[in-house]
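Worksheet for the structure shown next.
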Amino acid sequence: MNGPAVCTRRVMITLLLGLLTLAAGCSPNQARYDTRFLAFGTLMDLTIVGIPPDRAEQAAQAIEADFLQMHKSWHAWDPGPLGRVNRMLESGERFSAPPSILPLLRLGKALSIQSEGLFNPAIGRLIDTWGFHRNDPGGGRPPPPETIDRLLKQHPSMLDIEIDGLSLQGTNPAVKLDFGAFGKGYGIDLAVEHLKKMGIENTIVNAGGDLRAIGLRETGEPWKIAIRHPDGNGIVGSLEISGDESVFTSGNYERNFTWEGRRYHHIIDPRTGYPSVGSASVTVIHNDSTTADAAATALFVAGPREWHRIAGKMGIRYVLLIAENGDFHMNPAMQSRLKLADATSQKIILSQPLE
Ligand code: AMP
Ligand code: MG
């Protein structure tokens, strides 16, 4: 007589197990391989899940070699392809673009236009003047206002670079390319594409908190990403990432110096030539890292009043901007994903949804 009850219980147990397996991404407790190396001047953490350790190690070595090559190609100050491109752009002559630079140039131009020029990789001379690429930025003091004025009046813009197939021509000698605001993102995208080609489906490529994650972690759960508080005290909260997403943060704490009691950081507002005012940090979630990196910089410059418009133009759907005054600005979709470490101690200013 208890046949149907047993049968129902069996069906229930099977269903439950099925659901649990689904929730756990089908294959919990897989092999995990972690390694760390230096790239783009930051410590890069690479985690690979679900393949044997020897294959994971081989893959990691290939990725480390990729990053070394990229760093050489894109450094604006060391001799190399980008240095040559900068010299040729200044000369105004037409020339063939090095293959390692062309895709970045195309992407950089498109993203700069979308950001209304707030993300502007053509302001290398300004960056140079501030000296944030040096260990001792600006010799510890801001450049003379006349120097900044002179550079601003020359309006270096990505629109001053004509791209015709494989050839390039500069139309403004003040343009100097600096890929510092999105080169790391592009590098992570290339690394993830390479890892995917090697058959890796679960991995996280993390450059000092800027990262792209695909698949799931070894437990079969989503990756958990902590977001650092810009005031240096612990974390703001955490995000769960699965599938294929990038999380990038631009912050005023990353590189800066203090002069006569004022702090000067490394993210320059191309409209003023000075470190941008209003933001302490901006975190963006987006599918590809190139866009996420460029957008975090652009929205940082846009600040509490303009970030929403620029995010819309750049196609960004998740933004958290922590203002200099400590307020948290975010869109509703970000709010629903962000698990705040302390939900009571800050003012949250919720924007309209981002389409
Ligand atoms: P990120 O940390 O990604 O926001 O990038 C900051 C770096 O990008 C700086 O160290 C500069 O090299 C460069 N940079 C600063 N301001 C800008 C800007 N408005 N647009 C493009 N690149 C910038
Ligand atoms: Mg950036």
Side-chain angles (χ1 to χ4, degrees), residues 40-42 71 74-78 82 86 104-105 107-138 142-143 148 151-152 155-161 175-189 207-212 228 230 246-257 264-286 288-303 306-307 310-311 314 316 319 321-322:
F40 295 117
T42 353
H71 190 60
W74 304 336
H75 209 293
W77 293 277
D78 291 346
L82 186 54
N86 277 328
L104 261 167
L105 206 54
L107 288 164
K109 191 168 176 176
L111 289 163
S112 186
I113 293 168
Q114 286 171 18
S115 76
E116 299 182 0
L118 299 186
F119 159 72
N120 183 356
I123 59 168
R125 282 180 205 284
L126 262 174
I127 305 297
D128 229 350
T129 305
W130 280 96
F132 284 107
H133 58 287
R134 293 195 291 267
N135 289 334
D136 172 25
I148 293 175
L151 291 171
L152 272 189
H155 299 290
S157 150
M158 291 304 280
L159 293 170
D160 300 325
I161 302 170
V175 164
K176 181 175 180 184
L177 292 167
D178 167 17
F179 293 155
F182 77 134
K184 202 203 283 178
Y186 183 70
I188 291 179
D189 280 339
D210 292 328
L211 56 94
R212 179 163 165 183
R228 176 182 162 171
S246 303
V247 183
F248 273 70
T249 300
S250 278
N252 61 8
Y253 49 82
E254 288 174 56
R255 263 171 283 158
N256 55 60
F257 62 84
Y264 296 87
H265 62 77
H266 72 304
I267 304 173
I268 305 298
D269 186 335
R271 299 167 295 191
T272 64
Y274 280 83
S276 73
V277 177
S279 307
S281 74
V282 171
T283 301
V284 160
I285 313 175
H286 193 72
D288 71 274
S289 293
T290 312
T291 308
D293 197 355
T297 307
L299 302 185
F300 186 98
V301 175
E306 292 182 280
W307 69 268
I310 304 295
M314 297 186 85
I316 305 297
V319 180
L321 182 151
I322 303 179

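Remember, it's 1-based here, ligands and their atoms both numbered in the order they're listed. Small disclaimer: the values here were computed from a predicted structure and weren't measured.
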What atoms of ligand 1 come closer than 4.0 angstrom to any heavy atom of [X]?
X: Asp178; result: 11 (C), 12 (O), 13 (C)
X: Phe119; result: 20 (N), 21 (C)
X: Thr297; result: 1 (P), 3 (O), 4 (O), 5 (O)
X: Asp293; result: 3 (O)
X: Glu254; result: 2 (O)

When you measure from the side chain of [X] to the backbone N and O of [Y], does any donor-acceptor pair fall under 3.5 Å?
X: Asp269; Y: Leu118; result: no
X: Trp130; Y: Gly273; result: yes
X: Ser281; Y: Ser250; result: no

Heavy-atom contacts under 4.0 Å between [X] and ligand 1: side chain, backbone, both, or neither?
X: Arg255; answer: side chain
X: Ile127; answer: side chain
X: Pro270; answer: side chain

Listed partners of Pro270 passing side chain to side chain contact (heavy atoms under 4.5 Å, CB included), at least two apart: Asn120, Ile123, Val301
By side chain to side chain contact (heavy atoms under 4.5 Å, CB included) - contacts of Ser157 (at least two apart): Leu159, Asp160
Within less than 2.8 Å of the Mg ion (ligand 2): protein N, O or S atom count: 4
Under the side-chain hydrogen bond (donor to acceptor under 3.5 Å, both in side chains) test, residues paired with Glu306 that sit two or more places apart: Arg271, Arg309
Backbone or side-chain N or O of [X] under 3.5 Å from ligand 1 N or O:
X: Leu118; value: yes
X: Asp269; value: no
X: Ile123; value: no
X: Pro121; value: no

Nearest candidate to atom 10 (O) of ligand 1, where distance is taken over non-hydrogen atoms, out of Arg271, His266, His265: His266
Identified side-chain contact (heavy atoms from CB on, under 4.5 Å) partner of Asp189 from the options Thr290, Thr291, Asp293: Thr290
